Enquirer: 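The structure is given below, and queries will be raised subsequently.
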Protein chains: 2
Amino acid sequence: MKVLLIDDDIELASMLSEYIHSQGFDVECAHDGEQGLALALENKHDLILLDVMLPILDGFEVLKQLRATSLVPVIMLTAKGDDFDRIFGLELGADDYIPKPFNHRELIARIKAITRRIEHINHSQPKQELEFANLTICMQSRSASAQGHPLSLTGTEFAILHLLLQEPGAVISKEQISEQVLGRRLAPYDRSIDMHVSNLRKKIAEHIENERIRTIRGAGYVLIGDA
Amino acid sequence: MKVLLIDDDIELASMLSEYIHSQGFDVECAHDGEQGLALALENKHDLILLDVMLPILDGFEVLKQLRATSLVPVIMLTAKGDDFDRIFGLELGADDYIPKPFNHRELIARIKAITRRIEHINHSQPKQELEFANLTICMQSRSASAQGHPLSLTGTEFAILHLLLQEPGAVISKEQISEQVLGRRLAPYDRSIDMHVSNLRKKIAEHIENERIRTIRGAGYVLIGDA
DNA sequence: GAGGCACGTAAAGGTTGTGTAAAGGTGTCG
DNA sequence: CGACACCTTTACACAACCTTTACGTGCCTC
């Protein structure tokens with residue numbers, strides 16, 4: 001876990017840096033906006049601590065330019081306490097904002113709050129079971145069922161149903177289906193997807209009366225529930 | 001996007017709730033720790049705003065029990081300003097911490113900072129929904145509704161409504177509509193746009209009495225609200 | 001007020017996307 | 001090899017959709 005600290009107060013920076021390091025993070029420092037931005041753009045840090053008052057480029061400018069290409073988490077630090085700065089920073093894409101002077105432990109707590117959030121999401125493996133509107137699939141057993149009755153689907157049909165179940169209610173285009181399910185770009189006049197959907201519908205209809213896969217002409221297909 | 005607000009100050013809660021709602025979030029409220037925890041455990045909220053001082057169970061206790069099973073983002077609110085509370089909350093697993101009194105806009109900015117982060121990591125694109133004067137559209141599901149009633153629009157009608165909703169109150173010329181929606185320059189004597197707008201109006205009028213798409217002779221169309 | 005222009009809209013016609021049966025192709029397994 | 005399961009292509013039908021046509025209305029100009 002590598003942190004980039006951008007602060008022009010060299011004494012504070014070195015103190016902070018030492019403290020953060022003692023808490024188990026690697027720290028790199030920059031003391032002006034230009035240098036900081038350059039380091040940040042190397043994309044090798046997991047989190048950036050960014051002072052607002054900086055020589056050459058101020059913190060907001062650094063954040064703005066950084067956000068043009070990078071989603072790295074940023075915590076802003078500032079001596080100023082006023083609301084406007086805080087809001088401005090957050091709306092520019094900062095993840096958090098700590099007014100100076102701050103308790104070192106709070107800084108660590110906030111760093112951990114953000115990294116914890118990221119870890120949790122990254123480590124949450126994709127769901128193994130999906131369910132919507134009486135349709136369920138289980139990835140482990142590669143089985144699907146409608147209204148509790150098992151469906152005997154071909155691999156492609158299963159993959160399409162899986163894709164639709166990942167975002168029920170969202171329109172999935174044929175291009176998307178072709179690329180994700182068949183692994184190739186959709187060619188003009190290619191009717192494979194239509195056929196697979198047709199067959200899938202037929203199998204679902206054996207157990208569920210209502211429409212489940214709705215066609216959005218010119219856009220794709222959507223999984224829908226009742227009503 | 002659904003927010004759960006847990007705060008025992010009923011007046012403040014209703015004010016806040018209204019403001020948050022006006023920023024495009026659904027809000028549910030609880031006024032003590034027990035009720036709040038019960039609602040939170042239903043797992044149907046995307047973010048929780050949690051006051052620290054609460055009757056029955058205090059905010060920390062709610063957070064602790066919630067974190068035993070749920071990773072839902074939590075922002076703590078507190079009247080107390082001392083470091084210890086902040087750090088304690090963050091270390092218990094809160095995502096953020098805002099001391100009362102806070103600027104409402106800052107709250108929204110922090111809510112958005114957290115949801116933005118989560119969306120980026122999940123690779124899920126933010127919900128694109130537009131709303132004006134009882135007309136709403138959802139890009140994901142490519143669906144539209146008037147006064148809550150679903151509209152069954154053709155692709156072109158949907159695209160026109162989308163264009164109008166992007167700048168409610170602004171005049172959109174037929175040239176613009178033709179180029180952006182139909183993908184071609186507007187030819188003389190081409191009446192397609194007029195027809196699409198006419199049909200769109202008809203469908204909207206089934207559910208909304210008042211005029212919504214006003215013609216500006218010689219200039220184009222505007223989306224208008226009541227009064 | 002006559003003429004021109006922009007617009008509203010019903011109806012007709014043409015185009016395109018989609019549903020699906022059937023046939024053809026490919027790979028696997030006994 | 002034949003049987004089988006699966007995917008793709010072909011072909012046709014149809015419905016949804018878009019555009020054009022035609023006629024009507026209201027506004028502006030001269």
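A quick note: this is a predicted structure, and the numbers were derived from the prediction, not measured. All chains are named by letter (A, B, ...) in the order of the sequence lines, taking the proteins before the strands, and each is independently numbered beginning at 1.
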Enquirer: How would you list, by chain and number, every residue that makes a salt bridge (Lys or Arg N to Asp or Glu O under 4.0 Å) with B/E206, sequence neighbours excluded?
Expert: none
Enquirer: When rounded to the nearest 0.5 angstrom, what is the spacing between CZ in A/F25 and CG in A/L49?
Expert: 9.5 Å
Enquirer: For C/dG8 and B/K202 - does any side-chain N or O of the residue sit under 4.0 Å from the phosphate oxygens OP1/OP2?
Expert: no
Enquirer: For residues B/M15 and B/I20, determine if any side-chain heavy atom of one lies less than 4.5 Å from a side-chain heavy atom of the other.
Expert: no
Enquirer: Tell me the interatomic distance from A/R201, atom CZ, to C/dA21, atom P, rounded to whole angstroms.
Expert: 13 Å
Enquirer: For B/E209, is the CD atom crowded, meaning more than 12 foreign heavy atoms sit under 6.0 Å from it?
Expert: no
Enquirer: What does the inter-axis angle of the helix from C/dG1-D/dC30 to C/dG30-D/dC1 come out as, five pairs per end, nearest 10 degrees?
Expert: 30°
Enquirer: Can you check the A/L186 CG to C/dG17 P distance for me, whole Å?
Expert: 12 Å
Enquirer: Give the table of side-chain donor-acceptor pairs shorter than 3.5 Å for residues 3-13 of chain B, with sequence neighbours excluded, one pair per line with atom names and distance.
Expert:
unit_1	atom_1	unit_2	atom_2	d
B/D7	OD1	B/D9	N	2.9
B/D7	OD2	B/K100	NZ	3.0
B/D9	OD1	B/E11	N	3.2
B/D9	OD1	B/L12	N	3.0

Enquirer: Working to the nearest 0.5 angstrom, can you tell me the gap between A/Q180 CD and A/H162 NE2?
Expert: 9.5 Å
Enquirer: Let's see if you get this right: which residues in residues 149-170 of chain B place a heavy atom under 4.0 Å from DNA chain D?
Expert: B/T154, B/T156
Enquirer: Using atom CG of B/L200 as one end and atom P of C/dT9 as the other, report the distance to the nearest whole Å.
Expert: 11 Å
Enquirer: Any side-chain N or O of B/Y221 under 4.0 Å from OP1/OP2 of C/dA6?
Expert: no
Enquirer: Considering just the side-chain nitrogens and oxygens of A/K174, establish if one lies under 4.0 Å of OP1 or OP2 belonging to C/dG17.
Expert: no
Enquirer: Once ring-ring contact (aromatic ring centres under 6.0 Å, His included) is applied, do any residues pair with B/H104, and if so which ones, sequence neighbours excluded?
Expert: B/Y19
Enquirer: Can you name the residues that form a ring-ring contact (aromatic ring centres under 6.0 Å, His included) with B/F158, not counting sequence neighbours?
Expert: none
Enquirer: Is the count of non-hydrogen atoms from other residues, nucleotides or ligands lying under 6.0 Å from B/R105 atom CZ greater than 12?
Expert: no
Enquirer: May I ask you to list the residues of residues 188-197 of chain B, by number, that have any heavy atom positioned under 4.0 Å from an atom of DNA chain D?
Expert: B/D190, B/R191, B/S192, B/M195, B/H196
Enquirer: Separation of B/E211 atom CD from C/dC7 atom C1', in whole Å?
Expert: 14 Å
Enquirer: My understanding is that only residues two or more places apart in sequence, or in another chain, count here; which of them pass salt bridge (Lys or Arg N to Asp or Glu O under 4.0 Å) with A/R214?
Expert: A/E211
Enquirer: Could you check whether B/E91 pairs with A/K112 (Lys NZ or Arg NE/NH1/NH2 to Asp/Glu carboxylate O, under 4.0 Å)?
Expert: no
Enquirer: Mind listing the side-chain donor-acceptor pairs of residues 169-179 of chain A below 3.5 Å, one per line with the distance, residues two or more places apart or on another chain?
Expert:
unit_1	atom_1	unit_2	atom_2	d
A/S173	OG	A/Q176	N	3.1
A/K174	NZ	A/D194	OD1	3.2
A/K174	NZ	A/D194	OD2	2.6
A/Q176	OE1	A/S173	N	3.2
A/S178	OG	A/R184	O	2.8

Enquirer: How close or far is atom C1' of D/dA16 from atom CG of B/N199, stated in whole angstroms?
Expert: 13 Å
Enquirer: When you measure from the side-chain N and O atoms of B/T215 to the phosphate of C/dC7, is any distance below 4.0 Å, counting only OP1 and OP2?
Expert: no
Enquirer: Calculate the interatomic distance between B/L182 atom CG and D/dC17 atom C1'; express it in whole Å.
Expert: 12 Å
Enquirer: For nucleotides 26-30 of chain D, list the nitrogen or oxygen atoms of the protein found under 3.5 Å from its nitrogen or oxygen atoms, one pair per line.
Expert:
unit_1	atom_1	unit_2	atom_2	d
D/dG26	N2	B/R217	NH1	3.4
D/dG26	N2	B/R217	NH2	2.9

Enquirer: For B/R67, check salt bridge (Lys or Arg N to Asp or Glu O under 4.0 Å) against everything at least two apart and list the hits.
Expert: B/D95
Enquirer: Can you sort out the partners of A/D46 under salt bridge (Lys or Arg N to Asp or Glu O under 4.0 Å), two or more places apart, ordered by chain and number?
Expert: none
Enquirer: Could you give the CD1-to-C1' distance, from A/I213 to C/dT18, as a whole number of Å?
Expert: 14 Å
